[in-house]
Amino acid sequence: MINFNLLLMRNFSTFFLSIFCFLAFPLTFQGQTLSADNDGDGCVGTSDLLTLLSQFGECSSSFTCGDLISHDGHEYSTVLIGDQCWFSENCRYLPSVSPSDFNSGSETVPYYYVYDYEGTDVAAAQATSNYETYGVLYNWPAVMTEGICPSGWHIPSDGEFTDLTDFLGGEDVAGYALKSTSGWANNGNGSNSSGWTGLPGGYRYSGGFGTSGYTGYWWSASESGSYSWRRILDYSSGSLGLSNGYRDYGFSARCVRD
């Protein structure tokens with residue numbers, strides 16, 4: 001017959017012996033050394049145990065903004081602007097692809113588009129120069145799916161876009177700092193002093209695709225009644241525009257770190 005009291009005592013003994021070993025010797029954890037005397041009072045006591053337990057399950061991250069971050073088979077470049085860490089290229093997440101015809105639009109079902117591609121084959125769409133340059137155009141339901149950004153990142157709210165704009169000097173001048181130094185029509189390039197590298201990826205609407213080379217549109221995660229907020233860069237202006245957009249339209253997207 002099993003002696004449950006003896007078994008219980010052995011389990012307690014093992015637990016306290018493990019705790020003693022953790023406290024008696026420094027522990028190297030994910031490259032971080034946890035000292036036994038964590039509070040520096042010259043004694044290994046209850047507060048040191050609580051500190052150790054509070055670190056249980058934590059993992060140090062080696063990511064520094066400016067490093068590449070891998071997601072869904074693509075290595076994204078990143079840039080620190082103020083205290084925000086942004087993708088410095090458009091999202092490329094493409095679980096499926098739809099042609100741009102009117103019937104493909106929806107304000108509730110996710111749809112994914114690649115500029116000027118009218119087929120449904122993901123690999124073929126990813127092989128196009130527009131995918132390589134501009135990434136994917138998303139309707140708003142698609143841009144709000146969890147898979148679009150890596151863990152620890154998200155589609156920015158309109159407030160986060162405002163923080164970005166304010167850091168770059170306000171709406172009237174932020175666009176010039178956000179636009180890439182090439183690729184815009186009629187020499188409408190920017191300085192890209194921010195490192196954000198905004199490109200004129202155009203958009204998808206009920207009539208097809210339009211304005212590639214002239215404008216770039218980026219969804220936010222913020223709603224405006226039955227619409228959602230978007231930000232706009234244009235070849236003819238150094239400003240960063242703000243307007244609400246139809247949710248079935250296809251715009252570009254960026255991720256910002258949590």
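The figures that follow rest on heavy atoms only: side chains count, while hydrogens, waters and symmetry mates do not. Position 1 is the first residue of the sequence, and the numbers go up from there.
Y112 places a side-chain heavy atom less than 4.5 Å from the side chain of Y93. V173 has its side chain out of reach of S239: every pair of non-hydrogen atoms, C-beta onward, lies at least 4.5 Å apart. A heavy-atom distance below 4.5 Å is not found between the side chains of D248 and S106. Within the 4.5 Å cutoff, the side chain of N90 has no heavy atoms near those of the T133 side chain. Two residues are said to be in side-chain contact when any heavy atoms from C-beta on lie closer than 4.5 Å; L137 and S252 meet this criterion. The shortest side-chain heavy-atom distance between R92 and Y131 falls under the 4.5 Å cut-off. Residues Y113 and V136 form no side-chain contact, since every pair of their non-hydrogen atoms from C-beta on lies 4.5 Å or further apart. Between S194 and N192, the closest side-chain pair of non-hydrogen atoms falls below 4.5 Å.
For the residue pair S222 and S157, no side-chain donor N or O sits within less than 3.5 Å of a side-chain acceptor on the partner. Of the N and O atoms on the side chains of S228 and R247, at least one donor lies less than 3.5 Å from an acceptor on the other residue.
Side-chain atoms of T128 do not come within 3.5 Å of backbone N or O of Q126 as any donor-acceptor pair. Distance alone, capped at 3.5 Å, is enough to place a donor-acceptor pair between the K179 side chain and the D234 backbone. Using modelled atom types, no side-chain atom of N186 and backbone atom of G188 make a donor-acceptor pair closer than 3.5 Å. Using a distance-only test at 3.5 Å, with no hydrogens or angles considered, no donor-acceptor pair links the side chain of D72 to the main chain of G147. With D67 contributing its side chain and T64 its backbone, the two residues share a donor-acceptor pair below 3.5 Å. Counting only distance, with no hydrogens or angles, the side chain of N139 and the backbone of Y111 share a donor-acceptor pair below 3.5 Å.
Between F209 and Y115, the angle of the ring planes lies from 30° to 60°, which puts this pair in the tilted group. Classification of the Y203-F251 ring pair by plane angle, with boundaries at 30° and 60°, yields tilted.
A continuous path of ILVMFWY side-chain contacts below 4.5 Å connects F167 to L178, so both sit in one hydrophobic cluster. In the hydrophobic clustering of ILVMFWY residues, with side-chain heavy atoms under 4.5 Å counting as a link, Y249 and W140 come out together. W153 is not connected to I155 by any chain of hydrophobic side-chain contacts under 4.5 Å among Ile, Leu, Val, Met, Phe, Trp and Tyr, and they are in different clusters. Y176 and I81 are assigned to two separate hydrophobic clusters, defined by single-linkage of ILVMFWY side chains at heavy-atom distances under 4.5 Å. Transitive grouping of hydrophobic side chains (ILVMFWY, heavy atoms separated by less than 4.5 Å) brings Y227 and Y138 into a common cluster.
Here the shortest heavy-atom pairing between T78 and G66 reads OG1-N, 2.8 Å. The two residues S100 and R204 come nearest to each other via the heavy atoms O-NH2, 3.4 Å. The nearest pair of heavy atoms linking P200 to G183 is CG-O, 3.3 Å. Across all non-hydrogen atoms, the minimal contact from V122 to L94 is CG1-O, 3.6 Å. Scanning all heavy atoms of the two residues, the minimum distance from I148 to A142 falls at CD1-O, 4.3 Å. Summarising the geometry of T197 relative to S180, their closest heavy-atom pair is CG2-CB, 4.0 Å, with the distance given to 0.1 Å.
Once rounded to the nearest 0.5 Å, the distance linking CG of L164 with CG of L240 reads 7.0 Å. The CD atom of E171 sits 8.5 Å away from atom CG of D166, with the distance rounded to the nearest 0.5 Å. The CD1 atom of I232 lies 9.5 Å from the OG1 atom of T211; values are rounded to the nearest 0.5 Å.
Partner of W218 under the ring-ring contact (aromatic ring centres under 6.0 Å, His included) criterion, chosen from W196, W229, F161: W196. Among the candidates S224, S243, S220, the single residue satisfying the side-chain hydrogen bond (donor to acceptor under 3.5 Å, both in side chains) test with R230 is S243.
Here the two cysteines C255 and C91 have their SG atoms 2.5 angstrom or farther apart.
Residues D158 and R231 are paired through a salt bridge, judged by an N-O separation under 4.0 Å between the basic side chain and the carboxylate. For E89 and R254, the salt-bridge test fails: no basic side-chain N is under 4.0 Å from an acidic carboxylate O.
Shown here are the side-chain contact (heavy atoms from CB on, under 4.5 Å) partners of V256, two or more places apart in sequence or in another chain: Q84, W86, H154, P156, E160. Listed by chain and residue number, H74, F87 satisfy the ring-ring contact (aromatic ring centres under 6.0 Å, His included) test with Y76 (two or more places apart in sequence, or in another chain).
Counted within 6.0 Å of CD on E146, heavy atoms from surrounding residues, nucleotides or ligands total 12 or fewer; the atom is thus considered open.
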task = Please lay out, stage by stage, how S88 and S77 fare under the test side-chain hydrogen bond (donor to acceptor under 3.5 Å, both in side chains).
result = CA-CA 6 Å; S88 55; S77 55; 2.6 Å; yes

